[in-house]
Engineer: 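Below is one structure. I have some questions about it.
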There are 2 protein chains.
Amino acid sequence: MATISDIGVSAGINILSAFVFLVVFAVLRVQPWNDRVYFPKWYLKGLRTSPIESGTLVGKFVNLDFRSYLKFLNWMPEALRMPEPELIDHAGLDSAVYLRIYLLGLKIFVPIAVLAFSILVPVNWTNNTLEKTDLTFSDLDKLSISNIPLGSPRFWTHLVMAYAFTFWTCYVLKREYATVASMRLHFLASEHRRPDQFTVLVKNVPPDPDESVGELVEHFFLVNHPDHYLTQQVVYNANKFSSLVAEKKKCQNWLDYYQIKYSRNPSTKPTTKTGFLGICGARVDAIDHYTSEIARISGEISTEREKVVSNRDAIMPAAFVSFKTRWAAATCAQTQQSRNPTQWLTEWAPEPRDVYWDNLAIPYVSLAIRRLVIGVAFFFLTFFFMIPILFVQSLANIEGIEKAVPFLKPIIEMKVIKSVIQGFLPGLALKLFLIFLPSILMIMSKFEGFISLSTLERRSATRYYIFQFINVFLGSIITGTAFQQLDNFIHQSATEIPKTVGVSIPMKATFFITYIMVDGWAGVAGEILRLKPLVIYHLKNWFLVKTEKDREEAMDPGTIGFNTGEPQIQLYFLLGLVYAVVSPILLPFIILFFALAFVVYRHQIINVYNQEYESGAAFWPDVHGRIVGALVVSQLLLMGLMSTKEAAQSTPLLITLPVLTLWFHRFCKGRYEPAFVKYPLQEAMRKDTLERAKEPNLNLKSFLHSAYVHPAFKEVDNEGDESDEDLVSTKRHQSKHSSKHSFSSLPEDPERSLL
Amino acid sequence: MATISDIGVSAGINILSAFVFLVVFAVLRVQPWNDRVYFPKWYLKGLRTSPIESGTLVGKFVNLDFRSYLKFLNWMPEALRMPEPELIDHAGLDSAVYLRIYLLGLKIFVPIAVLAFSILVPVNWTNNTLEKTDLTFSDLDKLSISNIPLGSPRFWTHLVMAYAFTFWTCYVLKREYATVASMRLHFLASEHRRPDQFTVLVKNVPPDPDESVGELVEHFFLVNHPDHYLTQQVVYNANKFSSLVAEKKKCQNWLDYYQIKYSRNPSTKPTTKTGFLGICGARVDAIDHYTSEIARISGEISTEREKVVSNRDAIMPAAFVSFKTRWAAATCAQTQQSRNPTQWLTEWAPEPRDVYWDNLAIPYVSLAIRRLVIGVAFFFLTFFFMIPILFVQSLANIEGIEKAVPFLKPIIEMKVIKSVIQGFLPGLALKLFLIFLPSILMIMSKFEGFISLSTLERRSATRYYIFQFINVFLGSIITGTAFQQLDNFIHQSATEIPKTVGVSIPMKATFFITYIMVDGWAGVAGEILRLKPLVIYHLKNWFLVKTEKDREEAMDPGTIGFNTGEPQIQLYFLLGLVYAVVSPILLPFIILFFALAFVVYRHQIINVYNQEYESGAAFWPDVHGRIVGALVVSQLLLMGLMSTKEAAQSTPLLITLPVLTLWFHRFCKGRYEPAFVKYPLQEAMRKDTLERAKEPNLNLKSFLHSAYVHPAFKEVDNEGDESDEDLVSTKRHQSKHSSKHSFSSLPEDPERSLL
């Protein structure tokens, strides 16, 4: 058992390492040549130009102004300075609301911590139960519920506190739900005209032998929405086409690389091999080879394009149908169209950049089967993932390697290398699995057939949270693999399970404190350094970049990563709520995590991340639901723990808590969730009327003309002709537009003080 | 343990008693003076007139034609003869689909029984496990799974059969769901113009200081549905008004009674007392008293009416909003209107006669709280209902009575009376509770705030089924009160519960066979006798009836009683599915129940019941869901049973079954449920277009004018003026209309062969 001083030392080390990260970051970020790594958002908005193009030679790459090193923490107030409305304008509602999750953590846990430390800690501390026993214990345990003697009336304090914490959490959650819902409605209402406001995605168009999908859709909606139908855009199966486009782009990259290489060293013509990965095959002149490859693929692209557009089989039974008014789109998206509820399914069209094109044509029955398959697969992934890993670990031992590659034996037998392999290999498989887990979950969601990136991310986040709940939270409390736990649980009674888990909770406080410091604090501090994008950017910059445009493409601003970030936050909510009554000592660590993460992510959102899509905070019901779930789990575990403390008279009062909490959840669901899944007609009508008054001669049809064209087509079109960008609302266009308003809020620009 | 011959004797007795019921019914139904008890439906449709008015004096009351007594079972083929489309026309879709539940039972269980008796029974029979043991056993047990030795490979037969039964049940369920869904859509499409097709119920209209509710609603919908809004009808709080109307009617009844009494015996003027129930108070002339009472109440009614219409507080924040087209009503009902999802809630208006007026004005928060309260109350009702009954029983013993009323002591002490009291009293409290349970559940549903009678009945049915599942099904298998079971279950592991229940199942087969015979067979045969309505009709006929109209009102055709009937059927589905693999001997008894009930209820629906409302088979998703639930329960219990039979290798295969079944349920839900909760726009548009072509000058506004006026207002209006019945679609009007088509299908009329 760790003592307070142990934890203190550990905290010190972690704070120090986080501090080192921050110092390194502060140094790296003021170097001009890293500017595009740490401020890509501003470049994408067109509000910042390369500092490398001006200044002295050395000044181009190294920051020589020592004043800027002294103010190495001043990015923090900067990050906090931008007010929320401007932040929404700058980075979108998704990002702004995502930050509110961290803020919510602070709002919930700061008052809880104050209350716990002023009431619970003294109540726990002023006992001497642990001192009487022969068990080894630490000062930390004296602060926890373990220090209360069995059957003591002091447990009433914990009961009252459990009620107080629940009511406070619910109160904050409800207020936050209301705020986010009104932010979302305000955001949707104040938005500029966007194609998705007028457009509905129609799936499962029934096959018709006489008409093409386009005609069929047009006729159906002309009949059933005669006054409102405007136009439609069928969906092509352009998967092969878009892979060809991607291949061409890759060849173009290689060509660029070799051309730069040649221009730097004109004496030797660069060569490459035509075979696999350029390792085997005949040696040819690289530049000629890729030039001819590009020409070949370009030809293929145009034939494939012909084929896609003309071939009936390439048209998928889905279409984007646009209406004359937002009102009509809102009614169509919310109603059932056909007698057969598996045909003519309508839903809001996602934003054009949010569409996941590959999944648009999955028929209803296939979707149902996919959901079953993925459900079963996820169950096995969660509970049996250790089996393949154990198998790989059993293979990847010293003897196995020696058998497979006998000539390496003398090297492996060296003592240092042997111990490295033995220490390293067993963990490697698990570590690799955990690194790839979010991607595996994302692939599962894609297979399941969701049609927008935002839904894919939300679904993956849910799964990732469940995985973490079972394998990290329960797995740490009760040792053993998830499958062993499952086996235990189904052989235990409903009253036994919370007891088993609840009893172990106080003992694991130290472990989770360490976990929060290593995973939370260090993870957040590492996030701001952006080591991977830093390295990749400089590699690309060196090998590929010719023009300013290439350099822009070499930037990898990244996104928030909702599917990995949110489950992590939720784990901290869970830990905080579970330990609030049991061992309040955990709370300061969680609060510190939320505070640090809030500042770091606010900085990143302002300066770095570039969201791929805007869902209007559609994820909030998930966030809310998971926190309520964590609250219920904490109540059940407390009930289990209390029942072992011979404080049984508290059980009826404790049962009331989850019942009330679940009722609260249902109430909030009914009260606020519609704001996230439906679009009120009142809103739609208001915007329509306003627009009709402002722009009576608006040509909506041309505005919507190519909004929902497959991005691969657009890419090819844009190569020759950039003019239709005005009609198509792409990333660039939008951001330039909105940047007008946010010009005043540029963060202090390191280059200005420099050059 | 009962032997086969015991069961045979018991079955014989029950069949005989059912037969006696049927003979009595056959005799009673051909008596002219019972005609209105056994054929009220035809009177209500205006297709049958009293046989009493013609013929000889004796022939008026007793059927003298002995031929009609010989053909005493010919109502059965008659009942089966009417084809389904005509039945729908005659009695509505609700009734026709309700009959399909019995048919569904036959469709599921007849093939299952054939398969079970040709495969499972021989497999079970050809063992001698039971003979080897010292346990007492019967031939019945030799047919069941108990006769298979532990760990025998013969259990594979049961496993395969479980799969076969599941797939067959799911197949039939899916086909039936599809049929009912298309019947519903066809019914809705082929219906005549009805007010509810154009009307949406708007609840939770926000308060406005400047405008009345009517104005507010009108403005809101003129703004948000400008092209479609037609008219609105605010909802008055007419609860006091309607109770006055009811009181007036009661006085009128008494007045009639005394006037008839006086006319029969003009020598003595009838008198009554003014106090409680006519028992105490001053003695007055009855006719004068009630005449003045009626005059007083009539005055009160008109002042109350003034008050309701003019007083702003009497207007509830709800309104029926009508649109110009079905399309517009369908879109409005399915969409969200306001930013605040708890205001301006729209839903399909129920049929005018389906509206439950008292619940129209409950605000959102109150609804949420009511749901919580009722949820908790129902939990306690289900698990703790024995506590008050035990309390009453402890009070109502001989000693208690002797203490309370000491002067009865000599009578009570008599041996015969003492034994009657001791045998009768303890059961009385329980019996009374069970009789009143459906009413209690209905009151709970009403308190919960549902706004239509059909929803109230559906909700009560769900609760009644849960109550029966826990207290009848589980309660019979595991002895002890529901609370003791609950206590056991939460102290048992998830694998232990199906085992505990599963093991006891084969032993309870005899009990359930008896239950099916007594509750099912006798219950159905008793239903056709209609003893209670028979007695009440003749009492009313004697004391109150003056005119033909009074006689019509004295008829009590009754309804199907979905809230009590459907849960009973579901219990038989549950028993059939659970015992299909374990003790197939139960199946013939269940099949006989379904067959008998089908014929009886078909007869009653054709000749007797008069549905209060028409919901278009909206209850089918509930029926489907409960059968699927029963299937899952049967699979879990089989798994529990098998795991005690040392046939553990079958567990993974058995776990797959509930997973697949639940997936099937989700699939069906997505595929068919929308047909029951939404109204496809395609349908609406088609009907609108047809109507516009047929009746271009239709005055819809006058058609809808008073459709949704509170029935109490209508009643008062109709007293003076019957002319607006053409506009208001009341029971009489509708049935007269549809009877044109069904004239050909009159059942053989006993009076025709008589007079």
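Each chain gets a letter, A, B and so on, in the order the sequences are listed, and its residues count up from 1.
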Engineer: Decide ring pair (Phe, Tyr, Trp, His ring centres under 6.0 Å) for B:F198 and B:F323; before the verdict, give the C-alpha distance in whole Å, the side-chain angles of both, and the deciding distance to 0.1 Å.
Structural biologist: CA-CA 5 Å; B:F198 297 90; B:F323 292 89; 9.7 Å; no

Engineer: Top residue by heavy-atom pair count (under 4.5 Å) with chain B, among A:Q334, A:R686, A:R666?
Structural biologist: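 Most heavy-atom pairs under 4.5 Å with chain B: A:Q334.
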
Engineer: Checking heavy atoms, do the side chain of B:A330, its backbone, both or neither come under 4.5 Å from chain A?
Structural biologist: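 When you check distances to chain A, only backbone atoms of B:A330 fall under 4.5 Å.
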
Engineer: B:T689 and B:E691: side-chain donor and acceptor closer than 3.5 Å?
Structural biologist: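 Side-chain D/A pair, B:T689 to B:E691: absent.
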
Engineer: Counting only non-hydrogen atoms closer than 4.5 Å, can you tell me which residues of residues 181-188 of chain B sit against chain A?
Structural biologist: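 Listed by number: B:S182, B:L185, B:H186.
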
Engineer: Considering only heavy atoms and a distance below 4.5 Å, find which of B:K678, B:M685, B:Q682, B:E673 pairs most often with chain A.
Structural biologist: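 The answer is B:Q682.
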
Engineer: Would you please indicate if the ring centroids of A:W344 and A:F220 are separated by under 6.0 Å?
Structural biologist: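 So the answer is yes for these two rings.
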
Engineer: For a quick test of your reading: what N or O donor-acceptor pairs under 3.5 Å do the side chains of residues 366-380 of chain A make, sequence neighbours left out?
Structural biologist:
unit_1, atom_1, unit_2, atom_2, d
A:S366, OG, A:R370, NE, 3.2
A:R370, NH1, A:F447, O, 2.7

Engineer: Quick check against the 3.5 Å criterion: does B:W327 have a side-chain atom that pairs as donor or acceptor with the backbone of A:N224?
Structural biologist: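 Yes, the answer is positive, given that a donor and an acceptor are paired below the 3.5 Å cut-off.
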
Engineer: I want to know whether B:Y229 and B:H225 have ring centres closer than 6.0 Å.
Structural biologist: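 No.
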
Engineer: Once the angle between the rings of A:H624 and A:F664 is folded into 0 to 90°, is it parallel (under 30°), tilted (30 to 60°) or perpendicular (over 60°)?
Structural biologist: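 The rings of A:H624 and A:F664 sit tilted, inter-plane angle from 30° to 60°.
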
Engineer: Is the shortest distance from a Lys or Arg side-chain nitrogen in A:E347 or A:K203 to a carboxylate oxygen in the other one below 4.0 Å?
Structural biologist: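 The answer is yes: the pair qualifies as a salt bridge.
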
Engineer: Using non-hydrogen atoms and a 4.5 Å limit, figure out which bit of A:F667 sits close to chain B: side chain, backbone, both or neither.
Structural biologist: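 The answer is both parts of A:F667.
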
Engineer: Need one label for A:Y679: side chain, backbone, both or neither, based on atoms under 4.5 Å from any heavy atom in chain B.
Structural biologist: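 The backbone, not the side chain.
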
